[in-house]
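Reading through the structure tokens given below for one structure.
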Amino acid sequence: MRSKLKSIGENGSLVFNHNMKITQLGKSGRIEEAIKVFKQMTNRNTVTWNSMISVYAKNSRISDARRLFDRMPLKNLVSWNTMISGYLHNDKVQEAYELFVRMPERDLFSWNLMITCYTRNGQLENARSLFVQLPDKGNPVCWNSMIAGYTKNQRLEEARRLFDAMPVKDLVSWNSILAGYTQNEEMGLGLKFFNDMVERDVVSWNLMVDGFVRVGDLDSALHFFQRIPNPNVISWVTMLSGYAKNGQITKARVLFDQMPERNVVSWNAMIAAYVQNCQLDEAIRVFTEMPERNSVSWTTMINGYVRIGKLDEARDLLNMMPYKNVAAQTAMIFGYIQCMRMDEAREIFDQISSRDVVCWNTMIAGYAQSKRMDEANRLFKQMLKKDFVSWNTMIAGYAQEGKMDKALRLFEEMMERNVVSWNSLIAGFTQNGLYMDALRHFFFMGKEGKKPDQSTFACGLSACANLAALQVGKQFHHLVVKSGYGNDLFVVNALITMYAKCGRISSADQVFKDTDAVDIVSWNSLIAGYALNGYGKEAIQLFQEMEKNGVHPDLVTFVGVLSACSHSGLIDQGLKLFKCMTEEYSIEPVAEHYACIVDLLGRAGKLEEAYQLVKGMPIKANAGTWGALLGACRIHKNLELGKFAAEKLFQFEPHKNSNYVLLSNIHAETGSWNEVEEVRMLMKERGVEKQPGCSWIEVKNQVHAFFSDDSAKPKTAAICKTLMTLTAEMRNRGYMPDIKSSLLDYR
DNA sequence: CTAGGGTTAG
């Protein structure tokens, strides 16, 4: 009897030990070893099965977990909860709910797992309705899950309302609200809340340190870190990575050396710190030194090599990695995409069995960047779970291809849109010259309650610039200041360009002067603005001022300053600057520079020289270059060279109406009417359509566009009548429109 | 063996 009991006891402790071993192996990702232990066990108990289910689930092998769950001999409540937890960790909301409904009895774990499952997948309304049904409201755990769900979705007010209504709050409740503030960069509110807390633990302190790191206030972060009564590994790692993110690698290393205890995360953080600062030699040294590595260690190293373009090293590491995971494989895919090695990227992608949304998005983005939208779309359609990034990548991809109809259709199919969705669409319209659509959607965005960010403003301003819509542009300016983007350089530079293109160079200048720290793009924008408005000398002065300020001009600067010379007829200056650009600044001229110089020489009557320059260009001439030459030929009525330039130009832009008009005008002005007819035939042959004449005016801060064939537009008749009255009035006052060119402009 | 707040990679 005694020995029998002893043997059961020994067996029991053996099972217990094996169960522990399975869990432990699962936690370090050594799933194959865990399976081996499980299979070798002769007497498994329910906990054994539950442990193995959990191990499978946490290593993204959810179908294996389910197979075990269905096969196990005796399920208890924990088995059901474990399986639901598995679905929670694998974002399978539907499957979790099916089990939740079917299970014989539920405890607080079951309820909380299901609620968390909903909140983690953004289904807050479903979570809420479960929470309402929850039988036991006395326990704070489900309340806390709801609060975290709301804060993670930026719904701080609703979180706060729940918090205030809680019958019993524990420290986690307090910390959840605090996390809402610190993680959403509301450090003013966060600090106040922290000070009001009657009790704090190390998590509260860590949240404060993390919050200050997020807003870039490292001094405050350090101040709080030093005041933590009992800092733990997480406190140290948070501070360390705070330094790393801000490029203070030395301080990060000092912290690492001072750490009283290190776990694998501390080592990983140090690797990440070196990777962020592109010190791969140091990173690999830490990687080699560390006592044990996990998948994050490997992924960080692979990503580090990818970042500096050392793909072979990255691939070697991936091959050496004992348990490859999606993140590491995705990092490798990303690397191949960056180097345009799409086939190798796809090969890895196809090998991955459990792809996550990041992996899919990376591959789709690769195809979008390579302008292979059909392949991107094929993958997009195969995706079961899409996030904002998936949709936004597709929208931006279509926009980049100029297929705004497809971009818009996807945008409208989206259930919910974020700022990036709006920005992708609006930027697409702007880049494709559909400025009115860009502005329209900017205002739709406001109606949907989405706040524009710096990128939205930059795109909107660019649309205003191209429409010369000064009044709307000014409104944008006010909105920009009100929204706190007045010092964002993308916005500032767009403002400069907007004012310049609207002919308000003094306003552009004012914006430039009012900005604390301008960059080279600001200088370039202002110089180009002066050039555009015919202020050649001022543009050159600004260029010299820029040099005095120690800002090195780039090729864009010279496009601006050279076009200033060509617009203002500063021929010698322009040629001198061109020489200076190549010789002193060693900037290789691009086609835009040549176009300016051709224009300059043309205006000076040096047509032959201009032609020789184009012929001698080391790079391929573009439409702008030939266009400049053609324009010069028109001024000097040089038919021979004009015809030649036009032929070249037609190769680039065979369907651009204005090129044909220009050539036709040369013929007409030299009296060659037969050739005028020939050009007309050529256009017909090539199917060149007259681009509808387009004009727009701003009335009461709204832009109204008119097209010459736009008779369908309501009120067009009325507008035309008014215009005729205006024209008559102008004529009465002695204005004679120049209709010479219009006569040649056949329809 | 299952749940709520804080760290490292994507």
Side-chain angles (χ1 to χ4, degrees), chain A residues 16 19-20 22-23 26 45-55 57-58 76-86 88-89 107-117 119-120 139-149 151-152 170-180 182-183 201-211 213 228 231-242 244-245 263-273 275-276 294-304 306 325-334 356-359 361-362 389:
Chain A
F16 177 80
N19 291 348
M20 290 272 289
I22 290 174
T23 306
N45 58 21
T46 305
V47 176
T48 316
W49 289 86
N50 292 348
S51 306
M52 197 59 223
I53 291 172
S54 174
V55 165
K58 283 182 179 153
N76 62 11
L77 179 55
V78 177
S79 317
W80 286 86
N81 287 342
T82 305
M83 197 58 227
I84 295 180
S85 159
L88 160 67
H89 289 295
D107 63 1
L108 260 176
F109 272 91
S110 328
W111 284 93
N112 191 46
L113 278 164
M114 199 58 229
I115 289 173
T116 309
C117 205
T119 59
R120 293 263 168 92
N139 187 303
V141 171
C142 290
W143 291 83
N144 294 341
S145 297
M146 284 305 300
I147 291 175
T151 61
K152 291 239 158 56
D170 65 4
L171 190 47
V172 176
S173 323
W174 285 85
N175 282 340
S176 299
I177 293 288
L178 180 62
T182 58
Q183 289 165 350
D201 67 0
V202 66
V203 175
S204 330
W205 286 95
N206 290 348
L207 279 168
M208 291 306 287
V209 175
D210 177 61
V213 164
I228 303 179
N232 62 10
V233 187
I234 299 182
S235 325
W236 285 88
V237 169
T238 307
M239 196 61 226
L240 186 157
S241 66
K245 279 172 197 148
N263 61 9
V264 66
V265 177
S266 336
W267 288 88
N268 289 346
M270 197 61 233
I271 297 179
V275 161
Q276 277 156 17
N294 66 10
S295 63
V296 177
S297 334
W298 288 89
T299 311
T300 310
M301 278 312 303
I302 292 172
N303 189 45
V306 160
N325 67 353
V326 209
Q329 287 162 314
T330 306
M332 198 65 232
I333 292 176
F334 181 78
D356 60 5
V357 68
V358 178
C359 180
N361 289 346
T362 306
V389 180

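All figures in this text were calculated on a predicted structure; none of them were measured in a lab. In what follows, chains carry the letters A, B, and so on, assigned in the order in which the sequence lines appear, proteins first and then strands, with residues in each chain numbered from 1. We use all heavy atoms of the structure for the numbers below, so side chains are in, but hydrogens, waters and symmetry mates are not.
- Remark: A:Ala57 engages A:Ile62, A:Ala65, A:Asn90 in a side-chain contact (heavy atoms from CB on, under 4.5 Å) (not counting sequence neighbours).
- Note: CG (A:Asn263) to C1' (B:dG6) measures 13 Å, nearest angstrom.
- Looking at the side chain of A:Thr300, the nearest of the listed nucleotides B:dA9, B:dT8, B:dG10 is B:dA9.
- Contacts of A:Asp210 classified as salt bridge (Lys or Arg N to Asp or Glu O under 4.0 Å), with partners at least two apart in sequence or in another chain: A:Arg214.
- Nucleic acid contact class of A:Ala327 (heavy atoms, under 4.0 Å, all strands): base.
- Listed nucleotides B:dT8, B:dA3, B:dG4 differ in distance to A:Leu113; the shortest reach to its side chain belongs to B:dA3.
- In this entry the distance linking CG of A:Asn112 with P of B:dT2 reads 14 Å, nearest Å.
- In this structure, A:Lys245 does not reach the B:dT7 phosphate: none of its side-chain N or O atoms is under 4.0 Å from OP1 or OP2.
- Shown are A:Ile333, A:Asp356, A:Thr299; of these, the side-chain contact (heavy atoms from CB on, under 4.5 Å) with A:Val326 is made only by A:Asp356.
- If you check the side chains of A:Ser79 and A:Asn50, you find a donor sitting under 3.5 Å from an acceptor.
- Side-chain nitrogen and oxygen atoms of A:Lys152 include at least one within less than 4.0 Å of the OP1 or OP2 phosphate oxygen of B:dG6.
- Picking from B:dG10, B:dG4, B:dA9 the nucleotide with the shortest atom distance to the side chain of A:Asn325 gives B:dA9.
- For B:dT2, one of the phosphate oxygens OP1 or OP2 lies less than 4.0 angstrom from a side-chain nitrogen or oxygen of A:Lys58.
- Contact annotation: A:Ser85 reaches the phosphate of B:dA3 (side-chain N/O to OP1 or OP2, under 4.0 Å).
- Taking atom CE of residue A:Met208 and atom P of nucleotide B:dG6, one finds them 15 Å apart after rounding to whole Å.
- As a whole-Å value, the separation of A:Trp205 CH2 from B:dG6 P is 19 Å.
- Of the candidate nucleotides B:dG4, B:dG6, B:dA9, B:dG4 has the atom nearest to the side chain of A:Thr116.
- Following rounding to the nearest Å, A:Trp236 (CH2) and B:dT8 (P) show an atom-to-atom distance of 17 Å.
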Side chain to side chain contact (heavy atoms under 4.5 Å, CB included) for A:Val265 and A:Val233? Distances and angles first, verdict last. CA-CA 9 Å; A:Val265 177; A:Val233 187; 5.7 Å; no
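- Distances were taken from every side-chain heavy atom of A:Asn81 (C-beta onward) to each of B:dG6, B:dT8, B:dT2; the shortest belongs to B:dT2.
- Among the atoms of the strands shown, none is found under 4.0 Å from any heavy atom of A:Val326.
- Closest to the side chain of A:Val265, from the set B:dG10, B:dA3, B:dT7, is B:dT7.
- A donor-acceptor pair is defined here as one N or O able to donate and one able to accept, closer than 3.5 Å; no such pair exists between the side chain of A:Ser85 and the backbone of A:Asn81.
- At the phosphate of B:dG10, neither OP1 nor OP2 sits under 4.0 Å from any side-chain N or O atom of A:Gln329.
- Proximity note for A:Asn144 (side chain, C-beta onward) versus B:dG6, B:dC1, B:dG4: the nearest is B:dG4.
- A:Asn144 pairs in a side-chain contact (heavy atoms from CB on, under 4.5 Å) with only one of the listed residues (A:Thr116, A:Asp170, A:Asn112), which is A:Asp170.
- Considering only side-chain atoms of A:Leu207, the nucleotide from B:dG4, B:dT2, B:dG6 that sits closest is B:dG6.
- Distance from the side chain of A:Arg120 is smallest to B:dG4 among B:dG4, B:dT2, B:dA9.
- Between the base of B:dG4 and the side chain of A:Asp170 there is a donor-acceptor pair shorter than 3.5 Å.
- Whole-Å rounding puts the A:Ile115 CD1 to B:dG4 P distance at 12 Å.
- Nucleotide B:dT7 holds its P atom 6 Å from the CD atom of A:Gln183, rounded to whole Å.
- For the pair A:Ser54 and B:dT2, the criterion of a side-chain N or O lying under 4.0 Å from OP1 or OP2 is met.
- Not a single donor-acceptor contact under 3.5 angstrom links the side-chain atoms of A:Asp201 to the base of B:dG6.
- Here B:dG10 presents its C1' atom at 16 Å from CE of A:Met301, a figure rounded to the nearest Å.
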